Amino acid sequence: MSLDITATQIAVSAGANLIAATTAGGFRAGRSDLALDASVIDIGHPAEPNLELLQSLRPDVLLSAWPLAGDAPVRRIAPGLALDLFDSVDDWLSRIERAVLVTGKRVGAGEVANEASAAAERQFDNLKRSIAARETPPVYVVNLNQDGASLLVYGHNSLMDAVMRRLGIDNAWQSGADIWGWSRLDPAVLAARPEAVILHLRQYWEGPGLAMRRLSGGPIWKALPQIQAGRFRSLPPIDIFGGLPSATRFATLIADALDDRQTVR
């Protein structure tokens with residue numbers, strides 16, 4: 001049983017018999033990079049799972065991407081397996097690959113977990129060869145804030161930066177990031193790398209393009225050399241704290257976005 005979106009993706013990749021997950025309904029509604037089986041029971045929001053329902057399901061283990069406090073109520077229901085994802089010096093991709101293998105071993109599905117990791121590596125290798133065969137500019141991956149005046153740029157600690165490194169793509173943002181993998185910036189900062197491409201990574205929680213309309217109508221955005229040169233793309237959403245399904249999906253999306261023969265919407 002998984003207690004958050006990241007843990008759900010890891011559980012599925014690891015071959016766990018997933019009987020329930022938080023926000024399972026969101027997975028089935030297409031608000032994730034993973035399609036959950038209809039039999040997986042929704043146990044509510046990650047911040048406040050339905051403890052009574054949890055107890056009735058009698059899970060063998062509770063999987064969490066976050067540390068579980070010693071007095072956490074869920075610990076009275078089943079043993080917890082807390083994955084070390086937000087307290088590590090490794091990049092995000094290395095963390096989730098390790099978590100898949102650890103989880104697979106814990107649930108007796110080591111071969112499935114190994115194959116899931118190997119399949120992701122094969123996909124990364126294939127895309128890396130394709131990207132290396134053409135000239136690829138540095139890339140800013142950003143998410144627009146709803147105020148229309150600032151943005152988040154993804155760097156170290158983010159899934160996006162880890163995937164870009166694995167594919168041999170230069171992340172144009174090299175000035176650090178917080179524990180979540182992003183920095184909040186004024187859009188004018190992006191002019192420091194005028195040769196870069198700006199990729200706007202939409203998110204599942206975004207409204208109907210209000211932030212984009214606010215930002216794109218301003219003089220600072222219009223003056224960016226990337227905008228003037230037409231080096232701006234918008235990508236479909238991914239789970240930014242996702243597992244292997246999100247990592248491989250983003251790898252495909254960014255490879256397509258940097259291929260002039262492809263059109264990304």
Side-chain angles (χ1 to χ4, degrees), residues 5 26 30-33 91-93 127 131 134-178 180-242 245-265:
I5 290 173
R31 296 192 297 274
S32 178
D33 304 315
D91 68 30
W92 185 261
L93 196 51
L127 290 171
I131 291 168
R134 57 184 187 265
E135 185 175 349
T136 303
V139 177
Y140 286 115
V141 180
V142 306
N143 178 238
L144 307 183
N145 288 322
Q146 293 303 301
D147 61 11
S150 62
L151 50 79
L152 301 179
V153 60
Y154 294 102
H156 182 65
N157 288 325
S158 71
L159 177 151
M160 287 65 66
D161 180 73
V163 170
M164 289 164 67
R165 290 175 185 272
R166 188 68 61 92
L167 299 181
I169 298 171
D170 178 22
N171 188 342
W173 181 248
Q174 297 291 332
S175 298
D178 62 16
W180 311 114
W182 60 59
S183 297
R184 185 183 295 269
L185 301 175
D186 184 294
V189 174
L190 303 184
R193 298 290 299 272
E195 77 282 14
V197 170
I198 300 174
L199 295 183
H200 169 221
L201 183 61
R202 302 195 303 270
Q203 291 304 319
Y204 291 108
W205 61 79
E206 283 187 13
L210 178 60
M212 185 73 253
R213 292 198 298 274
R214 286 174 172 171
L215 187 59
S216 62
I220 294 177
W221 184 257
K222 291 180 179 178
L224 288 174
Q226 299 93 338
I227 301 304
Q228 293 183 350
R231 293 193 300 276
F232 174 84
R233 307 283 188 278
S234 189
L235 300 184
I238 68 161
D239 290 318
I240 61 173
F241 297 119
S246 295
T248 53
R249 173 171 158 77
F250 178 69
T252 299
L253 288 173
I254 193 170
D256 286 349
L258 298 176
D259 186 346
D260 291 338
R261 297 168 299 176
Q262 303 285 339
T263 301
V264 179
R265 291 182 167 82

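Below, all heavy atoms of this structure are taken into account, side chains as well, without hydrogens, waters or symmetry copies. It should be emphasised that the depicted structure is a prediction, and the values quoted were computed from it without experimental measurement.
- With sequence neighbours excluded, the residues that form a side chain to side chain contact (heavy atoms under 4.5 Å, CB included) with Arg166 are Leu93, Ser94, Glu97, Glu121, Phe124.
- Under 4.0 Å is where a charged nitrogen must lie from a carboxylate oxygen, and between Arg193 and Asp170 at least one such pair does.
- Side-chain contact between Leu235 and His200 is absent, with no heavy atoms from C-beta onward closer than 4.5 Å.
- Counting only residues at least two apart or on different chains, the salt bridge (charged side-chain N to carboxylate O under 4.0 Å, His left out) pairs with a member in residues 152-165 are Asp161-Arg165.
- Of the possible donor and acceptor atoms, none in the side chain of Glu195 sits under 3.5 Å from a partner among the backbone N and O of Gln226.
- In this view, Ala177 and Ser183 satisfy the side chain to side chain contact (heavy atoms under 4.5 Å, CB included) rule, not counting sequence neighbours.
- Under the side-chain hydrogen bond (donor to acceptor under 3.5 Å, both in side chains) criterion, Ser175 pairs with no residue at all, not counting sequence neighbours.
- With sequence neighbours left out, the side chain to side chain contact (heavy atoms under 4.5 Å, CB included) criterion links Ser32 to Gln9, Phe27, Leu34, Asp239.
- Every residue meeting the side chain to side chain contact (heavy atoms under 4.5 Å, CB included) condition with Ala192, not counting sequence neighbours, appears here in chain and number order: Tyr140.
- A 4.5 Å side-chain heavy-atom check between Val141 and Val153 finds every atom pair outside the cut-off.
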Practice problem: Walk me through it: do Asp186 and Leu151 pass the test side chain to side chain contact (heavy atoms under 4.5 Å, CB included)? | Solution: CA-CA 7 Å; Asp186 184 294; Leu151 50 79; over 6 Å; no
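- Residues Ile169 and Ile131 form a side-chain contact, since some pair of their non-hydrogen atoms from C-beta on lies under 4.5 Å apart.
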